[in-house]
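Working notes, beginning with the structure itself.
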Amino acid sequence: MRKLHTFNGGIHPPEHKAESNAAPIASLPLLPRYVVPLSQHMGHPAAACVQPGDRVLRGQVIGLPEGRISTAVHAPTSGIVSAVEMRTLAHPSGLPGLCVVIESDGDDQACPTPPLDWHGLPQADVLEAVRHLGIAGLGGAVFPSAVKLDKGKAGHIPTLILNGSECEPWITCDDRLMRERADEVIQGAAIMRHLLGAETVLVGIEDNKPEALAAMTAAARGAGFPVEILAVPTLYPSGGAKQLTQLLTGLQTPTGLLSTDIGIQVFNVGTAASLYRALVLGQPLISRVVTITGHVARPGNFEVRLGTPIQALIEAAGGALPGASGQIVGGPLMGFELEDEQSPVAKSVNCIIVKHPALFPPAPPTLPCIRCGQCALACPAELQPFELYWYAKAKAFDKTERYNLFDCIECGCCSYVCPSHIPLVDFYRFAKSEIRARDKDSQAAQIARERHEFRQFRLEREKREKAEKLAQKAAGKPASGAAAADDPEAARKKAILQAAMERAAKAKEGVQPQNTDNLAPAVEQEIQAIEARRQGTDASTPPPEGDKSPVSTP
Amino acid sequence: MNGSPYVIASRNSVRLTMLKVLAALVPGIIAHAWFFGPGIWVSLIVCTLLAILFESLALVMRGYPLRPFLTDGSVIVTAWLFALSVPTLAPIWLYATGLLFAVIVAKHLYGGLGQNPFNPAMIGYAVLIVSFPMYMTQWPAPIHLAVHAPGLADAFDLVFAGGGLISVDAYTMASPLDTVKTLLRAGVPKEEILANPVFGRLSGSGLEWIAGMYLLGGLLLLANRVMTWHVPIVFLLAVAATAAGLHALDPSRHMGAVFHLFTASVMLGAFFIATDPVSGCGTPLGKVIFAAVAGFLTVIIRTYGGYPDGVAFAILLMNVAAPFIDLYTQPRVFGHRRHEKPKI
Ligand code: SF4
Ligand code: SF4
């Protein structure tokens, strides 16, 4: 048996799993309308490839992946596209996003997708298929799986970890999935293992899920390759990718690097099952298991088509009970408050908790920090949260960065234990967004400055070129005339001067190879590069959405 | 700003933390009353009321709401630590002066709860010992040694009316620490000094029991994870090591480790004062350094300094250094290499 390791801190809040993990995964009736967001994954939104009026079939691509970090989006059922428009999304930002609205025709007619010979086809073809089948991490971070399954130049990634920890309270979708579809998870792991060239496959499951552990262990026996099913102690955030990696391997992903840099790739168990369904059964990712729990009549898990309004899911669970006070998307520690119940279920939505003041009492008043250090004891990133808080509150953002604010995974352990009830994570989110905005500003300023400097340079160069031409003229005339013979010293000096001027001009042009004509594209390129970098930093610290897959910009 | 997490640990608050600290002091207080008479109750109550009064005044002047801050319990902890650090049965004006500095100056002028760079109770103690050294050496004698052990009525009289009824000499005596220091300096042989009934088996008679009870309360706090082991254990080790070192150098002129450990002030300091998170260090290594130096300084000040005790000054000195120690002892962050300390 593999020896398990530990991570620093962690908390053990009331689990609240029993409410929703008893009943099997149920399905929802076909709805008359689905609203499918084109941005359901980390990275670039898919580009709509259907127009209002188009007829689509279930599983037909309606959004094509755009850019490297992107993945396709499919129609959840057959019907007519009625609109491609902005709708509110279930996203912490609360901002609307482009959605394809489909009026279902009730036939639920499938678009034939042939199974794929993932074993025989070249790697690149399989990855392209994964990308076009819409697979993204279902643990909450929704990073496009094709990118993570690309072993790249590394040649192979020795260790594959499947994350079945499900450490957030209330959520049970992975628990049910592992109980009911353990074989699919293992089959998905086989594909992942093949693509990554992994030798070791580890599955981490919190020990509060004995049934899932048993089912997975049974399935692993028939896998045909070695899989270790490991019970990890129930301690939040054991399902954080970095924490699970440390638990199972004892290795810490170096900051700023990816787990693949230490030969490890982590996927959620649900992602593995959806990969199997996509490649082997020819079912693109058009639905996922979602937990609906909290203050509803019949908490449970549902196989929900992506694009289903959250309201419909709540109704499927018997509706919210009287006194409900809003919903949380994701878990109570890293989730976010839902703004609009009509927002559709997307690939990132693993759980909806209907709130009630008795279940989620309002936070007591905040007192000053007494530096008791409880937060540091609980912090799995081994930070000093009270120092981060102090500097974030004082808006000393440089200091927060130097105290490694960006290593904070926003797990909420510090806020959970703080005796002064300080909403610490709010301060970290605030500081992070301020720093990102500031960096963006300073990059913009940098571009402006460069542009200005270039203009100055150009003007100077033009002036100098004029002067050179004049000098040439002046030097050329006397050279053929008598003056040069009269004064060889003056001519020599002039020649030296001219040579020096040419050298200087050449040197300057070497430094600044651009010329006036391509100024605008050059700047534009730079802006694009900066945009990419900025999005990179955004992606490396994913928004708080349930437990995380190991995402960062590769 | 109203994001996750949406749950917080139940039954976890500043008030509860402070209540635990107060509860952990109770065994020591009971021992105090047992060996030194009921006077301690009077001074505890008087100090608590004075501290609450000053706290309320400060809060009102600063425009803060009274309820959350008065009920957080922090000022009561300050009051009790102060009352347990200064001589019992001192006149009320002495308590008032000390607490005025503790609560108004050391706490609120520096920004109130969580902002004070110095331990308020120790500031109160330091002000008194510098300004009124005479009163600060008049410790009540253990009941069985006192000419006249003051009862409750005497206690009220002493605190509120300056004690017209009994003479100071009838119930006070120099503390064991003081006795040791003065007599050793006067060249009296150690055996002779220790024959004085003011000494018990380990340390001061009666006081060693109080120290033991503080130790018990402190260990309970440790078990309850109100604090980490770093400060109390390292502080005690440092006191023991320094005392043992001096004793080894010249046994005839220095008391041993056990004597120093079981003075009540060292135990109180180790578990209740040096552990004050606000004025101490925040990093694990910082706590170790803080406590080690404070323990060392405690014995050094006791041995070579002019004041009767060294705990308060050692801790106050380290309070000054704490922010700097923190700066240079930031722990390694997850995923950073060992030598990669934050560049602060
Ligand atoms: S837990 Fe809260 S009060 Fe304690 S040090 Fe951290 S932020 Fe301060
Ligand atoms: S939210 Fe950040 S600072 Fe707080 S415990 Fe988690 S990682 Fe540490």
Side-chain angles (χ1 to χ4, degrees), chain A residues 7-8 11 13-14 92 169 242 246 252-257 328 330-337 353 355 360 363-365 367-374 376-377 380-384 386-387 399 402-404 407 410-413 415-421 423 425-427 429-430 544, chain B residues 1-18 20 64-65 67-69 71-72 74 77 111-116 225-228 230-231 275-284 286-287 322-323 326-327 329-337 340-344:
Chain A
F7 60 86
N8 183 65
I11 53 173
K242 290 179 175 181
Q246 189 175 18
Q252 291 192 348
T253 311
T255 181
L257 295 184
I328 296 169
L333 285 152
M334 292 183 74
F336 56 93
E337 215 136 354
I353 308 171
K355 297 203 296 179
F360 296 94
L367 282 176
C369 167
I370 54 168
R371 290 173 53 91
C372 66
Q374 298 293 336
L377 290 179
E382 298 168 46
L383 294 161
Q384 298 285 98
F386 55 90
E387 300 279 14
K399 284 277 193 186
R402 277 183 247 152
Y403 277 88
N404 297 304
D407 282 298
E410 296 177 21
C411 64
C413 290
S415 301
Y416 182 80
V417 298
C418 177
S420 288
H421 310 305
V425 188
D426 281 342
F427 283 91
R429 279 191 280 253
F430 161 69
Chain B
M1 303 242 287
N2 212 344
S4 57
Y6 300 105
V7 279
I8 53 169
S10 56
R11 301 199 301 115
N12 175 29
S13 63
V14 174
R15 188 188 310 169
L16 193 66
T17 309
M18 297 296 172
K20 284 179 185 170
Y64 275 62
R67 228 181 92 104
F69 285 95
T71 54
D72 67 27
S74 62
V77 172
L113 179 66
Q115 314 267 332
N116 45 292
R225 303 206 190 164
V226 172
M227 53 172 107
T228 60
H230 304 80
V231 170
T275 46
D276 170 19
V278 177
S279 55
C281 279
T283 68
K287 285 177 184 167
D326 267 352
L327 211 56
T329 55
Q330 283 301 313
R332 188 193 67 96
V333 171
F334 184 101
H336 289 247
R337 260 166 288 148
E340 263 179 18
K341 291 277 168 58
K343 319 149 263 324
I344 299 146

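We name chains A, B, ... by the order of the sequence lines, and we start the count at 1 in each one. Reckoned from all heavy atoms, side chains included, excluding hydrogens, waters and symmetry mates.
When heavy atoms are compared at a cutoff of 4.5 Å, A/Phe386 approaches chain B solely by way of its side chain, counted from C-beta outward. Looking at A/Leu377, the atoms closer than 4.5 Å to chain B (heavy atoms on both sides) all sit in the side chain, from C-beta outward. For A/Pro365, no part sits under 4.5 Å from any heavy atom of chain B, backbone or side chain. For B/Thr228, the part lying under 4.5 angstrom from a heavy atom of chain A is the side chain only. B/Arg225 touches chain A through its backbone: at least one of N, CA, C or O sits under 4.5 Å from a heavy atom, while the side chain does not. The contact between A/Gln384 and chain B is made entirely by side chain atoms (from C-beta outward), counting heavy-atom distances below 4.5 Å. Neither the backbone nor the side chain of A/Cys411 comes within contact range of chain B; no heavy atom of the residue lies under 4.5 Å from a heavy atom of that chain. Contact annotation for A/Ile370: both backbone and side-chain heavy atoms come within less than 4.5 Å of a heavy atom of chain B. For a residue to count as touching a neighbouring chain, one of its non-hydrogen atoms must lie under 4.5 Å from one of that chain's; by this rule A/Pro169 does not touch chain B. For a residue to count as touching a neighbouring chain, one of its non-hydrogen atoms must lie under 4.5 Å from one of that chain's; by this rule B/Thr17 touches chain A with the side chain only.
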Run the numbers on B/Arg332 and A/Gln252 for side-chain hydrogen bond (donor to acceptor under 3.5 Å, both in side chains), then give the verdict.
CA-CA 12 Å; B/Arg332 188 193 67 96; A/Gln252 291 192 348; 3.0 Å; yes
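The main-chain N or O of A/Gly335 is found under 3.5 Å from a side-chain atom of B/Ser4 such that the two form a donor-acceptor pair. Under the 3.5 Å distance criterion, the side-chain polar atoms of A/His421 are matched with a main-chain donor or acceptor of B/Asn12.
Scanning for side chain to side chain contact (heavy atoms under 4.5 Å, CB included) contacts around A/Asn8 gives A/Glu382, with sequence neighbours left out. Partners of B/Lys20 according to the salt bridge (charged side-chain N to carboxylate O under 4.0 Å, His left out) rule, which considers only residues two or more places apart in sequence or in another chain, do not exist here.
Of the listed residues B/Gly114, B/Gly280, B/Ser279, B/Ala9, the one with more heavy-atom pairs under 4.5 angstrom with chain A than any other is B/Ala9. Each of A/Pro364, A/Pro254, A/Cys413, A/Pro14 has some count of heavy-atom pairs under 4.5 Å with chain B, and the biggest count is that of A/Pro254.
Among all heavy-atom pairs drawn from A/Pro13 and A/Tyr416, the shortest one is CA-OH, 3.2 Å.
Between the CE atom in B/Met227 and the SG atom in A/Cys372 there is a gap of 12.0 Å [rounded to 0.5 Å].
Aromatic pair A/Phe360/B/Tyr6: ring centres not closer than 6.0 Å.
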